[in-house]
Structure formats: C-alpha cells, structure tokens
Amino acid sequence: MTNFFLQALTEVGTPSVLGLIIIGVLFGIIGGSIPGFTVTMAILVVFPFTFAMDPVSGVSLMVGVFVGGYSGGIVSGVMLGIPGTPSSITTVYDGYPMAQKGEPGRALGIGVAASFLGTLISVAVLVFFGPLIASFSMNFRPWEITALIVFALTLVAGLSNGALLKGLLAAALGLLITTVGYDRNSNLRFDFGLPALGSGFEILPVMIGIFAFSQLLGNIEKIKDEGNNVKNVDTNVAIPYGLIIKDMAGQKLNTLRSSLIGSLVGALPGTGGTVANFLSYDQAKKFSRHPETFGTGIPSGIVASEASNSAVAGGAFVPTLALGIPGDLPMAIMMGVLILHGVTPGPMMFEQNPVLVGAIYASLLIGAVVMVLCNLLLVRWFAKISLIPQQILVPIVLMLCAIGAYALNNNLFDIWVLLIFGILGYLLWKAEVPLTPLILGVVLGENLERQLFRALELNDSWLTFLTRPLSALFLALAVASILFSLYQDRKIRRLKHAAQQESV
Amino acid sequence: MLTLTKDRALALALLLIVAVMWIASGDIRPPTAWQPYGSALFPRILLVVIGLLSLLVLVRSLLTKVPEQAGLGTRINEWFQSRRTILAIFLLFGLYAALLPLVGYIAATMGFLIASFALLMGIDTRRKWVINLTISCTLAIVIFVIFRYGLNVWLP
C-alpha cells in the first residue's frame, strides 16, 4: 500500500499534474458556483480535454473538478442565496442568512473549512474501505456480479423521486441502448441497415446527450418562465480567519458526523450529494441543543451541509473503484473516463493499476488543499463568475459537448449521436422519466450482458442465480428495494391526494 | 375521446419502439450449437421488461382522471409554440453538426455560437452584438488552439 501510494504521489507531484489539479479544482469551483450548471456538467465539459493525456494526468484533472465542484456550491449559496448545485441546498439555509447579517466571509470560510475536512475524512474512508470491499468482491463470480448490477439498477430506479415505474423503464432503456451493434459473439444487432450503427453507440456521447441537453435546455426554459433575476451582489469579501478557526473548533463532532454521513451516502448507489446534505443537516439539527437556531445563520448548519456534500467525493469512489459500479451521475461519467483511458474500474483495478488508484487518493488530498486555497484567495472572482447568465453558458457548453463527442474517435457520427440522444433525453425529461437510471443502464449494460452470459455458459440453469447465497442475497435486495419504493410511491400518492382534498 | 397525456404518449411511443425492435431482433443470428443462448436473448428480455412497464404506465394513466383539454392538434401546436427557442437550439445544433465537415471547425463554431447567442440573448442593442461577436470569435479560436496545439487533437 505504502509503496504504490508513494509511487502515485511522485507521479501526481510533478508540476504538470499539479497544474492540472489546480485547473480542475478552479473549473470545478466555477462549475459548482454557477446556479444550474452542476458538478456533472463541469465534469462533462472537462473530460474531452483528457483524451490526449496519460491516465494519471487525465484522472487527476477529473478528480480536481470533482473536489472543486462539490465545494463550489457554497459561493452562490452564500452570496446569492441560490444553491450552485443541488448538493448545496442546505448550505443556503444558514450560509445566506449569515451573509445577510454582514458576515459573508465568515460563512464562506466555515463552508470551505468544512468542505476541506469532509474531503479528507472521505479519503480516509475510501483508503480503508476501498481495498477491503475490492478484496471481498474478488470472490464474486459472474452470477454475483450480474445480481449486484441488477440490485444497483433497481436501487437507483427506486430512488428516482418517487417514480419507480419510470425509473425501472429508464434503466431498461439504458441497457437496451447498449445492445445496438456487434455483440461479444460478433453478431450484428439493431443496425437497421446503417453501417455507422455496426459499432454501436459510444457511451460518452450518449451520456452527454441525455444529460447535457435536458439540463441546459431545462435551464433555458426556467429563465423563460421565471425571468433572469440577476442580483446585485457585493463581492467584496474579507475572510475572518481567527473567527473561523474558533468556529470550527466548536464543530468537531458535527464535522466528523457529517463527513461520515456524506461518505456513506456517497458510497450508496443512487443517492449522492443532494441526499447527503439533507440527511446530514437533519441529523445536525436533531443532535443540537438548540435546533430552533438552524436556518438563522449558524455555523453548525453550514458545517453539516458542506462537510457532508464534500465527503460524497471520496465515498462515491468506493463502489466505483471496488465494484466497478458507479453510484451516481458524476461517478458514471468518471467511470466512462477511466474506461476511455483503458482502465476498467472494479476489484482487479487495485491489483492491476495500484498506481492509478493511489493517484486518485493523492489527487483527492491535493485537490482538497488546492480547493481551500482557491476558495479563500479567489472567492470574489468566483462570486462574479457565478453571475454569468445561462444565455451565454448554454451555447458554449453545447459547443464543448460537440467537440468532446467528436474528439473521442475523430468521428462526426458521434456528434449526431449526441444530438439524437439529446432530443431523446429532453423528451424523456419532459415526460418526467428520471435520467440517472438511464445513464447508469448505459454504463453498466455491456458488463451486465457479458456477466449474465458468462454465468449461463458456465451453467445454463437460471436457478443458479438463486442457489448461490450472495447472488440470491443481491437479487432479494433488488426485490426488496422495489417493494420499498412501491410502498413509498403509495405513501407519496396518498399524501398528495390528502393534500388535494384538503385544499378543495 | 381519450386525452393524450404525457404518460400515455410515453407509453405508446415506447410500445411502438418495442414492437419495431422485437421485429428487428428476428434478424439477429440464431445461437450456434455450443451456445446455450443466442445474441437475441438479452435484448429480448429487455424488450419484454420495457413492454410490460410501458403497459403498466399506460394502464395507470388510463385509471387516472384527466380534466377536459383542448383537441390534440391544438395542444401539439401549443407545445411547439411554447418551446420555439428549444426547438431552434436543436435545429442550430443539427446545422452545426452538418456544417462542421463542410466549412471546418472555426467557421462552423463561430456560426453556431453567434446564432445561438443571438437567439438566447437577443440582438436589440449594440452591446449585445459586441458581447456576442467577441465571445464567439475568441472562444472558437481559443478552443481550436488548445485542442490542435495543446492536446494534439485534430478538429475538422
């Protein structure tokens, strides 16, 4: 462990890679601080720039974006009262009131410090649990991997805003997309006479198309509906370092609890920063002696939110690296980037690419330090940049998406794939179909089919999936997650119905 | 007459896709003697799942009461009218993809950015024109230089 980590540290410590981490963190903070832009979009925009890089440089840049992105939401949350990303919604609850009381520097400083500590704790969780889960999952055979992927997909589908049916539909559609083109036995499927479809769809243009178009065009629709409320913000912020150290000294337990919640939630499929910051804020409130003060601009609220959403970064890497199963959208894209660089995430990665795993650890740690420095020194600029209107951002991001899709294989067909899946993603989003299970289906589809058929080639009985204990356990958990979601769906519908009747 | 709601439209569209793909799955080569299952099995399992789930969405939407709405033609027209900007963006992106191999990256990108900014920001003031042209031209060239000379990626 020490050996490969030191080797990774040497590789990440070169000026060029350090420069890339700084650029990544800066871009991540900018992406996270622009309302409606999100961490995922920041990752999507940066990934084409990694094509020509070696794996360590590419992954370090992406990790930098990841760390910066999760902390970036605090800038717009505190300064504008608008969460830059959904994972910083609860930061606004206390950050904005504190800024309104004339202490924006204090709010930002507390948030940045909490983000830093949250990232560090989550890296510790990743370093400890990643190899542990990976070595355990080395025993998984095709039956277990198939069942685990099915479980991950049902879990993500079930957690899709109370829309279980559509979530499952989306996951199945995502899997279906991966069946186009030549399969593992060189049999052609669903090419409809078009030679371009023979090689199937590249994962990345499909993911970008589905996610980016719906997100960006959704932002445009929102502006049309709500108008462009650009606020006049005083970006002259002074950071009271002494006061922040004092504030943080009184938040040790809250920081640790919130970071652990963030790491744990990050490691669960289908959850991510949004769930983490709500859960952590709620827990901090419950544990507080003065829960009534939450929402009035207190340090505890900011710490709970920022420590937890930043801790998601490390936690989310656990299932991606150890099992090869990404839990959320940013991780699905990160997995796509790793695959692009010839690295297959999964338990074997710890044995075959230990230096790259170490580089991820090191980049997370260095990224956390860079994030603190950038946030504290450049906060005024980030606040200004967060005011860039969507009307300017949307065309630029779409253009970068097109170039990213093209540069993947120097293939113009991939830009058309981007557009077609962009239209599909937009229409599905309009039909209230959750897109996360769809994208996860696209990422996991090929592996699911490969593992399923490997299992059936070893033993052609489908019953083997139920006779092997771990495989049966994962399938039982998949069924349980569907049943639980059904129960929740019904509860939500009952509550809605009751609310409707009350209003009548 | 039944009203076409979002869920009904979704379910019907997916059922149509399932039918088309099921027929197309008949063209997939059957399994050889040593293969327990053929290449058509996995997509067919998925098509059955999607078909069943779409039917469930359809049935559930039919069981939900929908208030009286205007005719289908009027509603489709309204839908397109209220999303003219979105449709224009898709159209511009399609044009961009078509023009890239013909006029090259720099000209196509400048054209796409100028047209998109004009559409989203408007062109009613001189300032907007200046912002539009400055960002479009600078960005197209900067991105080209980064990819071509910094990252060694050839753009069309």
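The chains referred to below are lettered A, B, ... by the order of the sequence lines, with proteins before strands, and numbering in each begins at 1. Side chains are part of it too, since the values below use all heavy atoms of this structure and drop only hydrogens, waters and symmetry mates.
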Are any of the side-chain nitrogens in A:R184 or A:E446 under 4.0 Å away from the carboxylate oxygens of its partner? no
Option that, when pairs with chain A are counted at under 4.5 Å, heavy atom only, ranks first among B:P43, B:G150, B:S25, B:A115: B:P43
Is there a donor-acceptor pair closer than 3.5 Å between any side-chain N or O of B:K6 and the backbone N or O of A:E432? no
Which of the residues B:I146, B:L14, B:I17 is involved in the greatest number of heavy-atom pairs with chain A at under 4.5 angstrom? B:L14
Could you look at A:N410 and say if it's the side chain, the backbone, both or neither that has a heavy atom under 4.5 Å from chain B? side chain
In terms of heavy-atom pairs under 4.5 Å with chain B, which of A:I415, A:T50, A:I392, A:L448 leads? A:I392
Among the listed options A:L427, A:L176, A:D183, A:I396, the residue most often paired with chain B at heavy-atom distances under 4.5 Å: A:L176
For A:F49, is it the side chain, the backbone, both, or neither that has a heavy atom closer than 4.5 Å to a heavy atom of chain B? both
Has the side chain of B:Y37 got a donor or acceptor atom that lies under 3.5 Å from a matching backbone atom of A:D460? yes
Is it the side chain or the backbone of A:L452 that comes within 4.5 Å of chain B heavy atoms, both, or neither? side chain
Checking heavy atoms, do the side chain of A:L188, its backbone, both or neither come under 4.5 Å from chain B? backbone
Chain B shares the most heavy-atom pairs under 4.5 Å, among A:A52, A:P395, A:A431, with A:P395
Let's test your reading of the structure: which of A:L173, A:L168, A:D191, A:L419 forms the most heavy-atom pairs below 4.5 Å with chain B? A:L419
Go through the atoms of A:L400 and report whether side chain, backbone, both or neither lie under 4.5 Å from a heavy atom of chain B. side chain
Could you tell me whether A:E449 and A:R189 make a salt bridge, using a distance below 4.0 angstrom between a side-chain N and a carboxylate O? yes
Check for me whether the distance between the ring centres of B:Y105 and B:F147 falls short of 6.0 Å. no
Check ion pair A:K166-B:D7 (N to O, under 4.0 angstrom): yes
Given a strict heavy-atom distance threshold of 4.5 Å, which part of B:I50 is in contact with chain A: side chain, backbone, both, or neither? both
